[in-house]
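Down below is the structure, laid out as structure tokens.
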2 protein chains.
Amino acid sequence: MPADAKPIASVWTRPHHPQREQLTREQIVATAIKLLDSDGVEALSMRKLGARLGAGATSLYRHVANRDELVQLAVDDVYGELDLPASAERTQWRTTVARTAAEVRAMVLRHPWIAPELGQVGLIHIGPNATRMTAELLTQFEAAGFPADEKHEAAATLMSYVIGIATTEAAYVSLIARSGSTERAWVADHSPDFDQDADPRQLRENRFGYGLDRILDGLAARLEPGSDRAARWHGDEG
Amino acid sequence: MPADAKPIASVWTRPHHPQREQLTREQIVATAIKLLDSDGVEALSMRKLGARLGAGATSLYRHVANRDELVQLAVDDVYGELDLPASAERTQWRTTVARTAAEVRAMVLRHPWIAPELGQVGLIHIGPNATRMTAELLTQFEAAGFPADEKHEAAATLMSYVIGIATTEAAYVSLIARSGSTERAWVADHSPDFDQDADPRQLRENRFGYGLDRILDGLAARLEPGSDRAARWHGDEG
DNA sequence: CCGTTATGCGTACAGTGTGCGCATCGAGAG
DNA sequence: CTCTCGATGCGCACACTGTACGCATAACGG
């Protein structure tokens, strides 16, 4: 096939679009997340991201308004990873809500750079994926039996706890990762009285579970028939 | 007095220490906090801070290793503002702990830039003032009757909630402040179905109190004599 | 009087986000 | 086919950042 194969070969030797690699917003956000995961938030620069995509720095501005918006998009993309349970019936609300909390915590631990970002942007102008998660949690609390005007407070209580503890954990593990050590070795080094046989990852997990159980206990007490749930909570709080 | 007055006049025309204003670390940190409070964290630059102190940018490096360390010092300085209650006896642990939580929340709301910083540095390498606050909270829980191996988990539960909700609130209020509006006007603009007579600040306060009460309820249940408190929690948690 | 030490500061360098204008492409009109 | 046009990539430039380095000067101890 000396002559006939030429058109087929030329498809590979000379690509159809010499320098028009068709940079898309999805790809930009995806590789930005990869860069954020591996190198942290201060290592993300437009030039570096462009280079990783085989493009110039300012090319990205055709698809993204500025660096801040890019990070916002990355945050919401990460929210899209959540595998949220469907809101179950009243008897199983605890496990459903606990599973949602664990999902959010795991998300933050997978992408530790997201924690300071949540504190910077808050929950105001976040994207559709984060909104979906909030809505899902609200229906879970609704299914649990919380009245319409209290479910927001219940959800905020749980989410504040999850964001707070996951933020602390994320800062901790990313500090250790940046130091090039493992969690176990780091703990053994920095607190010599630590039990060598204990797994610090498991301890973190247990600590998360402890607080979660306390909070769900406190919330569940509002649902018990004997409690003064009928009294709207707005009036009697400081 | 044409010739004799010259030394006296020269005191004012030419000061004794032409350029030696004796920059101290405390002053640097203090004005850094002022700048952070008024203009936010991304507006703090060494040159701007130096200018506000009547000094060059690189002069600051004689007293502070780098910008990150400066922010760390500012964070711990802010922790020093806390007016923590003394740990009271067993019957009043709830009000004592609640007061500590409210103090921390107020601190974050006074200095909203601190929120992302807490997520970046975690609670690891924080300074003496933050350490003092953690220790104080631990003794408060100890006085409440929590066993030695559970008080850390109880304190972490409470603090995670406080940090999480205060972080969210801080992002929210600083976003509004940056937009140049007031909280009431902003809420009225962005959600027209909001009750015009309600005070959004008060609503935030109530929401904080709601979650705080739920969490303290859940923790208090661990202290009731009927509960299975004797069983150490480490084993039976997921 | 002369070192020594501590401190401020000017300069410089590498790196950042991003506005602007030019070059080049794919596609559609004639 | 040619010609135009909108979309896209990109080089350049500007203002700005943190900070390493070396020099100048002031206070101090002899």
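What you see below is based on every heavy atom in this structure, not just the backbone, and it leaves out hydrogens, waters and symmetry mates. Proteins get letters first, then strands, A, B, ... in listed order; numbering begins at 1 in each.
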* Interface with DNA chain C, restricted to residues 29-51 of chain A and to heavy atoms under 4.0 Å ->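 Contacts with DNA chain C under 4.0 Å: L44(A), S45(A), M46(A), R47(A), K48(A).
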* Asked: Near DNA chain C, under 4.0 Å by heavy atom, which residues of residues 60-69 of chain A?
  ->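 Correct list: Y61(A), R62(A), N66(A), R67(A).
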* Consider only side-chain N and O atoms of H111(A) and E81(A), and report whether a donor and an acceptor are under 3.5 Å apart. =>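 Present: a donor and an acceptor within the cut-off.
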* Asked: Between D76(A) and Q72(A), do the side chains contain an N or O donor and an N or O acceptor separated by less than 3.5 Å?
  -> no
* **Salt-bridge present (E169(B), R105(B); N to O < 4.0 Å)** => yes
* Asked: Any idea which of dT18(C), dG10(C), dG9(D) is nearest the L23(A) side chain?
  -> dG9(D)
* To do: For the pair W186(A) and H190(A), name the ring-plane relationship: parallel under 30°, tilted 30 to 60°, perpendicular over 60°.
  =>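 The rings of W186(A) and H190(A) lie parallel, inter-plane angle below 30°.
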* Relative to the ring of Y161(A), is the ring of F208(A) parallel (under 30°), tilted (30 to 60°) or perpendicular (over 60°)? ->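 Parallel: the ring planes of F208(A) and Y161(A) meet at under 30°.
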* Under 6.0 Å from the CZ atom of R201(A), do we count more than 12 heavy atoms belonging to anything else shown? -> no
* Interatomic distance where CZ belongs to R25(A) and P belongs to dT8(D) [whole Å] -> 12 Å
For residues 42-50 of chain B, run the donor-acceptor check on the side chains, cut-off 3.5 Å, and write out each pair with its distance to 0.1 Å, sequence neighbours left out.
from: S45(B); atom 1: OG; to: K48(B); atom 2: N; distance (Å): 3.1
from: K48(B); atom 1: NZ; to: A43(B); atom 2: O; distance (Å): 3.4

* side chain to side chain contact (heavy atoms under 4.5 Å, CB included) partner of I33(B), chosen from V71(B), I114(B), V78(B) -> V78(B)
* Asked: Looking only at side-chain N and O atoms, does T58(A) come under 4.0 Å of OP1 or OP2 in dC10(D)?
  ->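 So the side-chain polar atoms of T58(A) never come under 4.0 Å of the phosphate oxygens OP1 or OP2 of dC10(D).
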